[in-house]
Enquirer: 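One structure is given below, represented as structure tokens, and several questions about it will come after.
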Amino acid sequence: MSIIDFRAAQKWAKLSRDTQQLLVNNVFCSACGMTTIVEYTLHDDDLGILLKGKCKKCGKDVARLVEDE
């Protein structure tokens with residue numbers, strides 16, 4: 001994981017490690033279906049935290065939005 005956005009990192013840190021792992025391991029890839037996101041960065045978004053990275057299986061770009069509570 002790379003930290004691009006300090007605010008996003010603060011939001012991410014508020015989540016438990018178990019929740020973080022659940023989210024990282026539950027990402028949709030258009031080629032592979034459900035996958036794990038790797039080499040991801042955190043970005044602050046109006047709706048929450050945006051994870052941008054690569055599919056662990058095929059290497060395509062994938063993203064996951066984690067909505068604020």
Side-chain angles (χ1 to χ4, degrees):
M1 169 183 59
S2 295
I3 299 173
I4 298 278
D5 188 318
F6 184 69
R7 187 173 186 148
Q10 287 178 317
K11 290 180 184 181
W12 185 249
K14 290 180 183 177
L15 301 173
S16 72
R17 293 271 184 215
D18 289 339
T19 301
Q20 290 175 359
Q21 278 304 114
L22 181 68
L23 294 166
V24 165
N25 292 321
N26 188 17
V27 176
F28 182 77
C29 172
S30 61
C32 302
M34 296 311 296
T35 189
T36 298
I37 189 171
V38 295
E39 300 176 29
Y40 62 92
T41 55
L42 301 173
H43 304 267
D44 190 35
D45 185 87
D46 290 340
L47 299 176
I49 308 163
L50 183 62
L51 282 67
K52 293 182 182 179
K54 303 284 183 189
C55 171
K56 184 176 182 178
K57 297 176 186 175
C58 71
K60 281 189 157 191
D61 290 337
V62 292
R64 167 81 194 230
L65 177 66
V66 181
E67 294 182 40
D68 285 337
E69 295 180 78

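For this chain, numbers begin at 1 and follow the sequence in order. This structure is a prediction, so every number in the text was calculated from the model and none was measured.
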Enquirer: Starting at CD1 of Ile49, measure out to CG of Leu15 and round the result to the nearest 0.5 Å.
Expert: 5.0 Å
Enquirer: Compare all side-chain heavy atoms of Asp5 with those of Leu42 and state whether any distance is below 4.5 angstrom.
Expert: no
Enquirer: Would you say Leu51 ends up clustered with Leu23 if hydrophobic residues are merged whenever their side chains have heavy atoms under 4.5 Å apart, either directly or through other cluster members?
Expert: yes
Enquirer: Can you list, by chain and residue number, the hydrophobic cluster partners of Leu50 when the side-chain cut-off is 4.5 Å?
Expert: Leu47, Leu65
Enquirer: With sequence neighbours excluded, tell me which residues meet salt bridge (charged side-chain N to carboxylate O under 4.0 Å, His left out) with Arg7.
Expert: Asp44
Enquirer: Ignoring hydrogens and angles, write down the donor-acceptor pairs under 3.5 Å from the side chains of residues 26-36, residues two or more places apart or on other chains.
Expert:
from, atom 1, to, atom 2, distance (Å)
Thr36, OG1, Asn25, OD1, 3.2

Enquirer: Do any pairs count as a side chain to side chain donor-acceptor pair (under 3.5 Å) and have a residue in residues 45-56, sequence neighbours left out, and if so which ones?
Expert: Lys54-Asp61
